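Working notes, structure below.
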Amino acid sequence: MSMNQNPSLHARIKIFAKDNPLVSWWHIISTTVLLALAVTGTLPVEPLWERLLCSVLSGLLLVRLFVIFHDQQHRAILPKSRLAEVFMRIFGMCALCPSTVWRSTHNDHHAHNCQLRVENIGSFPTMTRERFQSSTGIEKMKYLLMRHPLTLLFGYVTVFFYSMALQPAIASPRRYWDAWPSVLIHLGLAVGLVLVFGWVAFVLTMAVPFLIASALGAYLFYAQHNFPGVVLQDEAGWTYEGAALDSSSYLKTGPILSWFTGNIGYHHIHHLNHNIPFYRLPEVYRAIPELRKAKTTTLSPADIIRCLRLKVWCPASQQMVGIKGL
């Protein structure tokens, strides 16, 4: 039986949808300070091995601060803080994720999570088997390119620089007023690093951290809704709670990676109520037995391959399948 049969589940987790401002600020400040120290360590004043280590650490800390940004944009933490709003808007522009674009696309994603429809705003597109078969060659190529592993691996350029910043800046500069500043700030930082410290500094201070953060972030987002056992529905059969529990994964990680990813692995709980702060998600998981029956995946190579092989939705078998033989 699907977990979405329990009508009181949403009400039972609602009590967790309240942040502690002191705890929220602690996570923001501590993560920002650690990121600043890691970035400083990538500059040409330290041995190369230390710079490489700090570069990787910067990428992981970028992921953590991005998840905190994600929570603040949901108003899950510090919903009334003007200072937090300003700080996160600045971070969003620096991280190639301007707030106007993120809120527009991500809110749409939550409102239509894993719903079969023509447009997939804020998420990876999903075609039915029949629709894929009837598509033109160019349409198939574009579709498969958007779901290709290399698109995720180079999410720095494909997902963030282009899709989240440059494309909205060109398409609707007034609506997404912070998109052009995001692009220009990012390019300005890159040029400044090259001119002042050289190309190696650019690679270690900016390119590697953003490549790591974007690739990990893009894959996490992909695997949270593209995994063996995921359920997709058309508009008539879709429910918010059902999509949270049957179409959002629990991505198991160890405690260290869970810290760096801001507990985003508890994605089924997040989609059940996005106002629950990220640092309370494990608490909810422990408190509600039904949530421990979630559909799971991991970051093991075998699970990653299983997720990446899924391409289209097959209505007949009610599952995601590959394109072999299509």
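Only this structure's heavy atoms are used, side chains among them; waters, hydrogens and symmetry mates stay out. All of these numbers come straight from a predicted model, not from anything done at the bench.
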Under 3.5 Å, is there a donor-acceptor pair between the side chain of [X] and the main chain of [Y]?
X    : Y    : value
D19  : L78  : yes
Y219 : L299 : no
T297 : C307 : no
K311 : L308 : yes
T151 : L145 : yes
S172 : P168 : no

Taking distance alone, no hydrogens or angles, what donor-acceptor pairs closer than 3.5 Å link side-chain atoms of residues 179-186 to residues at least two apart or in another chain?
from	atom 1	to	atom 2	distance (Å)
W180	NE1	A169	O	3.0
S182	OG	M93	O	2.7
H186	NE2	Y156	OH	2.7

Problem set entry | K14/N275 under side chain to side chain contact (heavy atoms under 4.5 Å, CB included): CA gap, chis, key distance, verdict | CA-CA 9 Å; K14 192 174 182 180; N275 289 317; over 6 Å; no
What I'd like to find out is whether the side chain of [X] reaches to under 4.5 Å of the side chain of [Y], using heavy atoms alone.
X    : Y    : value
T32  : I29  : no
V284 : F16  : yes
C54  : E46  : no
L245 : L291 : yes
R175 : S104 : yes
T298 : T253 : no
P228 : R306 : yes
Y143 : F124 : no

Problem set entry | Residue pairs fulfilling ring-ring contact (aromatic ring centres under 6.0 Å, His included) with at least one residue in residues 288-321, sequence neighbours excluded | none
Please report the shortest heavy-atom distance between [X] and [Y], naming the atom on each side.
X    : Y    : answer
L96  : P98  : C-CD, 3.5 Å
A244 : L272 : CB-N, 3.5 Å
R292 : R286 : NH1-O, 2.7 Å
L153 : A215 : O-CB, 3.4 Å
K295 : G229 : NZ-O, 2.7 Å
V159 : S163 : O-CB, 3.1 Å

Tell me yes or no: between the side chains of [X] and [Y], is some donor less than 3.5 Å from an acceptor?
X    : Y    : answer
H70  : H274 : no
H271 : H225 : yes
R147 : N226 : yes

Taking atom [atom1] of [X] as the centre, report whether more than 12 heavy atoms of other residues, nucleotides or ligands fall under 6.0 Å from it.
X    : atom1 : result
R75  : CZ    : yes
Y162 : OH    : no
I256 : CD1   : no

For this session: Using the rule that two of Ile, Leu, Val, Met, Phe, Trp, Tyr join whenever any of their side-chain heavy atoms come within less than 4.5 Å, decide whether L150 and I305 are in one cluster.
Result: no
For this session: Please identify each residue that fulfils ring pair (Phe, Tyr, Trp, His ring centres under 6.0 Å) with Y266, with sequence neighbours left out.
Result: Y250, Y285
For this session: Please name all residues satisfying ring pair (Phe, Tyr, Trp, His ring centres under 6.0 Å) with H148, sequence neighbours left out, ordered by chain then number.
Result: none
Problem set entry | side chain to side chain donor-acceptor pair (under 3.5 Å) pairs, two or more places apart, involving residues 51-67 | H27-R64, T31-R64
Exercise. Do any pairs count as a side chain to side chain donor-acceptor pair (under 3.5 Å) and have a residue in residues 86-101, sequence neighbours left out, and if so which ones?
Worked result: Q73-S99, E85-R89, T100-D178
For this session: Start with the C-alpha distance between Q224 and L220, add both sets of side-chain angles, then the distance that settles side chain to side chain contact (heavy atoms under 4.5 Å, CB included), and finish with yes or no.
Result: CA-CA 6 Å; Q224 286 159 347; L220 287 172; 4.2 Å; yes
Exercise. With a 6.0 Å cut-off on ring centres, are Y279 and W26 close enough?
Worked result: no
For [X], enumerate each residue passing the side chain to side chain contact (heavy atoms under 4.5 Å, CB included) test, keeping only those at least two apart in sequence or located in another chain.
X    : value
P301 : none
I138 : T136, K142
V230 : C114, F227, L232, S247, M320
A95  : F91

Exercise. Rest of the hydrophobic cluster containing V86 (Ile/Leu/Val/Met/Phe/Trp/Tyr, side-chain heavy atoms under 4.5 Å)?
Worked result: I90
For this session: Given side chain to side chain contact (heavy atoms under 4.5 Å, CB included), test F161 with S214 step by step and report yes or no.
Result: CA-CA 10 Å; F161 185 80; S214 300; over 6 Å; no
Which distance, rounded to the nearest 0.5 Å, do you find between the [atom1] of [X] and the [atom2] of [Y]?
X    : Y    : atom1 : atom2 : value
I323 : F132 : CD1   : CZ    : 5.0 Å
D71  : I28  : CG    : CD1   : 9.5 Å
L257 : I264 : CG    : CD1   : 12.0 Å
C97  : M164 : SG    : CE    : 3.5 Å
I68  : F87  : CD1   : CZ    : 9.0 Å
L216 : L60  : CG    : CG    : 7.0 Å

For residues 188-209, which side-chain N or O atoms pair as donor and acceptor with protein atoms under 3.5 Å away, sequence neighbours left out?
from	atom 1	to	atom 2	distance (Å)
T205	OG1	T42	OG1	2.7
T205	OG1	A201	O	2.9

For this session: Check the pair R280 / E283 against salt bridge (charged side-chain N to carboxylate O under 4.0 Å, His left out), numbers first and verdict last.
Result: CA-CA 5 Å; R280 300 199 68 180; E283 179 186 355; 3.1 Å; yes
Problem set entry | Steps toward ring pair (Phe, Tyr, Trp, His ring centres under 6.0 Å) verdict (F278, H74) | CA-CA 11 Å; F278 72 96; H74 271 304; over 10 Å; no
Exercise. After noting the C-alpha distance and the side-chain angles of T158 and L152, does the key distance pass the side chain to side chain contact (heavy atoms under 4.5 Å, CB included) rule?
Worked result: CA-CA 8 Å; T158 58; L152 304 180; over 6 Å; no
